[in-house]
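Please read the structure below before turning to the comments.
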Amino acid sequence: MSLAVSGPCIQMKGVSFGYGQHPLFNRLNVTFPDQQVTAVCGPSGCGKSTLLKLVNGLLLPSEGEVSVLGNLVTHNSLDALRLKIGYAVQRIGLFPHLKVAENIAIVANATDMEQTEQHERIQFLLDMFNLPSVLLKRYPHELSGGQAQRVGLCRALMMKPRLLLLDEAFSAVDPISRFDIYREFIRLQQEEQFSVMLITHDMREARFLADHIMVMESGSILQQGKIESVIAHPSCDLVKRLVKEHLLCEA
Amino acid sequence: MRGLNKIRAYCFFLVIALASVFSVHSVAWADSSKVVVGSKAFAEGYLLGEIVAQKLERDGFDVERKLGLGKTIITYEALLAGEIDVYVEYTGTLYQAILKGQYQPQIDDEVADINQALKETPLKVLPSLGFNNTYALVMNKQLMEEKTIKSISDLKQYPDLVLSLSHEFINRTDGWQGLKSEYDLPFSVSGIEHSLAYQAIQSGKIDLTDAYSTDGDINRFGLQLLEDDLFYFPSYRALPFIRKTMPVDAQTSLAELAGLIDEAKMQELNALALEDDHSYAEVATDFLNASFGTLSEAETSYPWKRLMGYVYEHLWLTFTALISATFVGVLVAILAYRSSKLSRVLIYSTGLMQTIPSLALLALLIPIFGIGWVPAVIALFIYSLLPIVRSTINALVTIDSTLVEVAQGLGLTKRQQLRTIYLPMALPGMLTGIKTAAIISIGTATLASFIGAGGLGDPIITGLSLNDHEMVLMGAIPAAILAILMELLFEYFETRWIPAHMRSNVT
């Protein structure tokens, strides 16, 4: 694995944000290394998903600035920037009125990607996520939860993104095929050299997929670093507990 | 997405079709050589309208009929706006409702007095046709004998009698209010559509109503006039009310009708028109033949032959209004739905417009748009807006928030998001709203007949004024069938455009 970092894929400087009267982030500074997988862990409500939405501009900070792939996130830059960002969420997020193929190709169709190129890419992604191509003609409500989530991943990867944002995006994938899919995912990540922000509550998933980890609690960052070093040297109680539970499970 | 393209294709086609209809209509308006004859929407009004129209035709004029234009406000505004050239008005109505007491009625030279008062307007009256059709109260003949009621003064002793009067009569100063204080009557009254009042008396629901003294129905329903023993009711002589711009020859032609019809003659003609086998046109022809000599066979256009014409007119009204309301309603909803305040304002204001009674709305539109097709379409358009705006806003705001976030996060432009995601997802709700609007429009369009826009309301209103149930049904049944067909049409659209699992189908 390449350790060379060519500048961060995500950089937040002095970012503040809150919902209504409740401040969540106060002058937060965050850096995610380029072309690597960074897991974001922490208890529910700690601000993981909000952090992700600040990256793709679904939310804009009240203070400070967010740079993604070297571009400042502003109203004007969003549409172009988002085309380079893949996005998949835990709650399925497939459009019910579109068949699976149309869901995966929705951006490709809107940006006039060539049909043959589309078909090849879709077939490639289906194979990778172990999805039969008969599913392409079905509607989302006819899929299992795990299948739908994998279709969501296909859609996020369709446009060969430079950055992939995953919000608990593997949570419904069934445990048996999960590790095959992890392995395929890592291979693709290394081949296409994209960066990943992986929100997960599953330390095992984080350890399997990620190079780096960031642990958060109520809007602040407790510890960030290479995943093995964080496991070896947890800096505070919460991180210790997280590591301990994970190790117990492993045993 | 293919479905959406198809919708666009349909819309394009319909816009072209509508544009051509509009241009045809505007050509028709430009034709000024015709004399346009209007009438109020009650039996005597139709009959006098026919007599005026046929008299002009006999004398070689090209006549367009816009008969059955609702009540005084509609015919008067239409005449003032030049939408019609002539209709028959009554002196009492002119004095009370139109000139609002600007002249002192004198029996000797009424016509000159009225024309003096009309000097500043583009309107004038011609000599009276002869009869005096004044207001009267009527009651069941048997009941009158039982209670020995003869005159209006006798009513005071029977405060339990149920009075139901036409809305016009209740509200005019020479109507109920004056009558009540003149005779010191103890009753409170409710309003009733005049054409329904006799049946209500016959079935014992009410005891008394107002009537015109020349009404041919009075005998048929076993009713009798109460004597106006205090001579309260003013004179209501019928005379042609015309625009001064009417060709002089045509004015001369109508002046020949002066004094030809006395009260007895008018009652007889009214009664004839109420018989099943006679149309207004036939009665008018027979009368004119008897007065001026036989000219030709009456053109019998029994309405069954016109049924397809009515249906066609009805559908054009409905579809034009519906399609424009869909364009405007959906567009406005799209622009507003992100702001809940704006959405609420929109829904309230379109809802407010919907509460305007349809006849009132039609009357309000006449000073601006005249009578006929255009104001009718505008009224239907206004009624269609609420269901379309409400359902579209509702369908758009209830789209799952995760899906909205994903849609935004994908990198599609706002327009692409709307076209490929939000609108198709809102389509089932939108279609339901449009369907509701369509069905409301088909029903409401029957009222368009009151302002001369034609459609299935023509046989319904004519039938009501004649008490001819067959004719009423001839309009009502096709209207009901159209409503059902509309429902089926929308079901078809749903199966074509919406995947099965997203249909909001109750059936």
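Chain letters run A, B, ... following the sequence lines, proteins first and then strands; every chain starts at 1. Remember, it's a predicted structure, so these values are computed and weren't measured experimentally.
For chain A, the nearby parts of B/Gln408 are the backbone and the side chain; heavy atoms of each come within less than 4.5 Å. Using a 4.5 Å cut-off between heavy atoms, A/His97 contacts chain B through both its backbone and its side chain.
With rounding to the nearest 0.5 Å, the separation of CD in B/Gln417 from CG in A/Asp79 is 7.5 Å.
Using a 4.5 Å heavy-atom threshold, the side chains of B/Thr420 and A/Phe95 count as separate. A/Ile106 places a side-chain heavy atom less than 4.5 Å from the side chain of B/Ile421.
Across every non-hydrogen atom of B/Glu405 and A/Leu58, the tightest pair is O-CD2, 3.6 Å. Minimum interatomic distance between A/Asn56 and B/Gly409 (heavy atoms only, all atoms of both residues): ND2-CA, 4.2 Å.
Put simply, the side chain of B/His501 gets close to the backbone of A/Pro96: a donor and an acceptor are under 3.5 Å apart. Listed for the A/Arg82 side chain is no donor-acceptor partner under 3.5 Å among the backbone atoms of B/Leu412.
Contacts with chain B were tallied for A/Glu142, A/Lys99, A/Lys53; A/Lys53 has the most, counting heavy-atom pairs under 4.5 Å.
Dense packing is recorded around CZ of A/Phe124, with more than 12 heavy atoms of other residues, nucleotides or ligands lying under 6.0 Å away. Annotation: A/Asn130, atom CG; neighbour count of heavy atoms from other residues, nucleotides and ligands within 6.0 Å does not exceed 12.
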